[in-house]
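Since the structure comes first, as structure tokens, the remarks are kept for the end.
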Amino acid sequence: GLFKTINGGISWTNVTAGIPNRYIMDIAIDPDNENLVYAAIGGFGTPHLFRSINGGANWNALGSGLPDVPVNTVTIDPLNTSIIYLGNDIGIYVSVDAGLTWQTFNDGLIDGTFVMDISISESNRKLRLATHGKGVFERPMLPVTATSSEEIVTSMQMQIYPNPAKDFIN
């Protein structure tokens, strides 16, 4: 289940109602609105992303364009909270409309990459993707002003050196 506290852990409220009986893999809270919460759900056969606009009292399924695979992580762009990134068992997806519709954001990733965690490097506007067994990837985030799927970056170049590596890689 998913529980919420508003008094530093003295008491807890179950806010799982409306979410299917699956593992909750990750949550993201909007940095501008503490009542806007996203929950990433594992498993198959149900929606995989839920949003609450009232701090977990009610949940709505999101995910037009998402495949039926477990979602492992969800992250909100702190400079434009309408841009949401999620990682699932086949890669990374992005939404520019607060989770209503989704597009793949897999350029530069190996096919079928389990994206287990996403972190944001705010200083250079990069996403860092931790994967299951395929390493860590970094890629540019969408522009803060992204408002449509046409603005999704369509290619990414990466250079790893030195090759062969002995003690470190760049």
Side-chain angles (χ1 to χ4, degrees), residues 2 18-31 36-52 59-161 163 165 168-170:
L2 182 60
I19 296 176
N21 187 20
R22 300 282 189 270
Y23 287 113
I24 298 170
M25 305 299 288
D26 195 16
I27 60 169
I29 302 170
D30 187 301
L36 182 55
V37 183
Y38 295 86
I41 309 297
F44 296 93
T46 64
H48 299 284
L49 186 67
F50 287 80
R51 178 177 60 198
S52 175
W59 294 92
N60 295 311
L62 300 175
S64 176
L66 291 176
D68 183 14
V69 297
V71 170
N72 304 308
T73 184
V74 59
T75 303
I76 302 168
D77 187 328
L79 298 182
N80 180 347
T81 57
S82 292
I83 301 175
I84 314 292
Y85 300 93
L86 70 77
N88 63 21
D89 282 5
I90 58 174
I92 185 169
Y93 286 75
V94 64
S95 172
V96 295
D97 56 10
L100 297 177
T101 59
W102 295 87
Q103 299 289 324
T104 61
F105 202 54
N106 288 323
D107 296 332
L109 285 181
I110 301 164
D111 287 343
T113 298
F114 281 45
V115 176
M116 304 306 290
D117 196 18
I118 300 170
S119 69
I120 294 175
S121 174
E122 292 186 48
S123 63
N124 61 358
R125 297 269 314 148
K126 302 275 185 178
L127 290 179
R128 295 193 176 132
L129 314 173
T131 72
H132 180 72
K134 295 182 180 175
V136 176
F137 292 82
E138 181 178 84
R139 69 161 307 148
M141 297 173 69
L142 289 179
V144 174
T145 59
T147 57
S148 70
S149 60
E150 286 79 31
E151 296 185 54
I152 295 176
V153 177
T154 58
S155 68
M156 181 178 87
Q157 293 182 348
M158 183 179 297
Q159 182 178 28
I160 299 176
Y161 60 92
N163 186 10
F168 65 92
I169 61 171
N170 294 305

Under 3.5 Å, sequence neighbours excluded: what are the donor-acceptor pairs made by side chains of residues 38-50?
residue, atom, partner, partner atom, Å
Tyr38, OH, Ala98, O, 3.3
His48, ND1, Ile41, O, 3.4
His48, ND1, Val69, O, 3.3
His48, NE2, Thr46, O, 3.1
His48, NE2, Asp68, OD1, 2.7

For [X] and [Y], indicate whether the former's side chain and the latter's backbone hold a donor-acceptor pair under 3.5 Å.
X	Y	answer
Arg139	Leu129	no
Arg125	Leu142	yes
Thr81	Pro78	no
Asn88	Gly91	yes
Asn80	Thr145	no

With the side chain counted from C-beta on, respond yes when Leu36 and Ile29 share a heavy-atom pair under 4.5 Å apart, and no when they do not.
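Side-chain contact under 4.5 Å: no.
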
Should Pro31 and Ile76 count as side-chain neighbours, where that means a heavy-atom distance under 4.5 Å?
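Result yes, sub-4.5 Å side-chain heavy-atom pair found.
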
Roughly how far apart are [X] [atom1] and [Y] [atom2], rounded to 0.5 Å?
X	Y	atom1	atom2	value
Thr75	Met141	OG1	CE	8.5 Å
Ile27	Met25	CD1	CE	13.5 Å
Ile90	Leu109	CD1	CG	11.5 Å
Phe137	Arg128	CZ	CZ	14.5 Å
Asn72	Leu86	CG	CG	9.5 Å
Ile19	Ser52	CD1	OG	8.0 Å

Show me the donor-acceptor pairs within less than 3.5 Å that the side chains of residues 114-121 make with the rest of the protein, sequence neighbours left out.
residue, atom, partner, partner atom, Å
Ser121, OG, Asn124, OD1, 2.7

Tell me, please, which residues at least two apart from Tyr85 pass ring pair (Phe, Tyr, Trp, His ring centres under 6.0 Å).
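With sequence neighbours excluded, Tyr85 shows a ring pair (Phe, Tyr, Trp, His ring centres under 6.0 Å) to Phe105, given in chain and number order.
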
For the residue pair Ser95 / Asp97, report whether a side-chain donor-acceptor contact shorter than 3.5 Å exists.
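Note: Asp97 and Ser95 side chains meet the donor-acceptor criterion.
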
Over all atoms of both residues, closest heavy-atom pair of Asn106 and Ile92:
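Nearest pair, atom of Asn106 first, then Ile92: OD1-N, 2.7 Å.
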
List the steps and the verdict of side chain to side chain contact (heavy atoms under 4.5 Å, CB included) for Asp77 and Ile84.
CA-CA 6 Å; Asp77 187 328; Ile84 314 292; over 6 Å; no

